[in-house]
Amino acid sequence: MDSRTPGLYIHIPFCLSKCHYCDFYSSTSISAIPDFLGALFKEIKMVGGRFNSFDTVYIGGGTPSLLSPRELENILASVRENFHLISDPEITIETNPADLNRSFLGSIRGSGINRINVGVQSFDENVLGFLGRRHSVKQAFSAVEASRKAGFDKVGLDLIYGVPDQDIDSWLNTLRQALVLSPEHISCYQLTLEPKTPLGRRYRAGELTVPGEKLQYQFFMKTSEFLEDAGYIHYEVSNFARKEEHASRHNQKYWDHSPFLGLGPSAHSFLWNRRWWNYRSIDRYLASINAGKLPVEETETLSMEQLRLEALYLGLRTKKGIFLRGFKNRYHYDLLTEKKKILGRLEEEGFISVEDGCLHPTKTGLAIADSLSLI
Ligand code: SF4
């Protein structure tokens, strides 16, 4: 599969309540869903033709599982009508365990959604309460079981670690419970306390302590060892797949500068050297579309150097690393020659390896991927 085929992202900007750590754009005014959908269908029509064909569709948010199966089916029908989807597209939906039941899951599987990400976050009720999640551990188990019964054979769990006062043992316990469900994919994100969130404010007020660098490193290494011992492939800093074919085809596009189109409020798009993003406000999004204009807030054109630095940053976050000849052709930069000294030192220190024409981060390299990219 050519990973340069564009991917389509659709942002559903609604949640029943806001989680205490969340910085994604979403609103709890769910009465605006019909207006939003009306505008989304117009946006799909307006951009149809700009991108030829997609091989992935990712319905994210927000909480897409708040929509009814019929609404989701209509979105996919409109996508198929206005764009070309290859014959075997990966179609993913993000969900909240509290919304999932057999009937909902059976219907959305029937409309072509073939990959489901369940926002479990933790198998510890105290952690769920602290994060402000609106579901229980029991609901997470039932949601995954119901997904299996509805025919989903690609189930992903999203989990969060590094929560204040969490120790490694309690986190490993969450991972142990995750494995009971045999998910095809597991994302383990380290909690970040974004300034404008309730947890960020509590942190600034001195009410919370977060793991220091050393403990963060231990969380990362233990997670990786634990899941690799269980047979998972640690293919990106935060992502694990049971088999190669279970890795997210859609997310790969963000990591290798493939084109993608984002629809809905706050969604970002990328094509060649241009990035643009929609208004981070449902009202402004609606106003713009209803005035017949694309709801784009800003566009930026990236220089070759910016693209190269981004590619380095993103590539070093993935196990497959950077294919050096491809990098040279695309970004006009010979990494091995230009960075010979520092790469040699990083290799000696065990952070990277150069094999078969690729620059790979080692496990320790992946743990410090953000600093590695500063070479
Ligand atoms: S459900 Fe997801 S998008 Fe909604 S508030 Fe929680 S973390 Fe944010």
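Whatever order the structure lists them in is the order used to number ligands and atoms, beginning at 1.
At a cut-off of 3.5 Å, with distance as the only test, a side-chain donor of Y331 or H257 sits close to an acceptor on the other residue.
Under the rule for a side-chain hydrogen bond (donor to acceptor under 3.5 Å, both in side chains), K339 has no partner lying at least two apart in sequence or in another chain.
Atom CG of N273 sits in a crowded spot, with more than 12 heavy atoms from other residues, nucleotides or ligands closer than 6.0 Å.
Near R133, meaning under 4.0 Å from any of its heavy atoms, are these atoms of ligand 1: 1 (S), 6 (Fe), 7 (S).
Side chain of H234 to main chain of F240: no donor-acceptor pair is present (N/O by atom type, distance under 3.5 Å, no hydrogens or angles).
Using a cutoff of 4.0 Å between basic side-chain nitrogens and carboxylate oxygens, E310 and R275 are scored as salt-bridged.
Here the protein contributes C22 SG as N, O or S atoms under 2.8 Å from atom 8 (Fe) of ligand 1.
Among all heavy-atom pairs drawn from T28 and L16, the shortest one is CG2-O, 3.7 Å.
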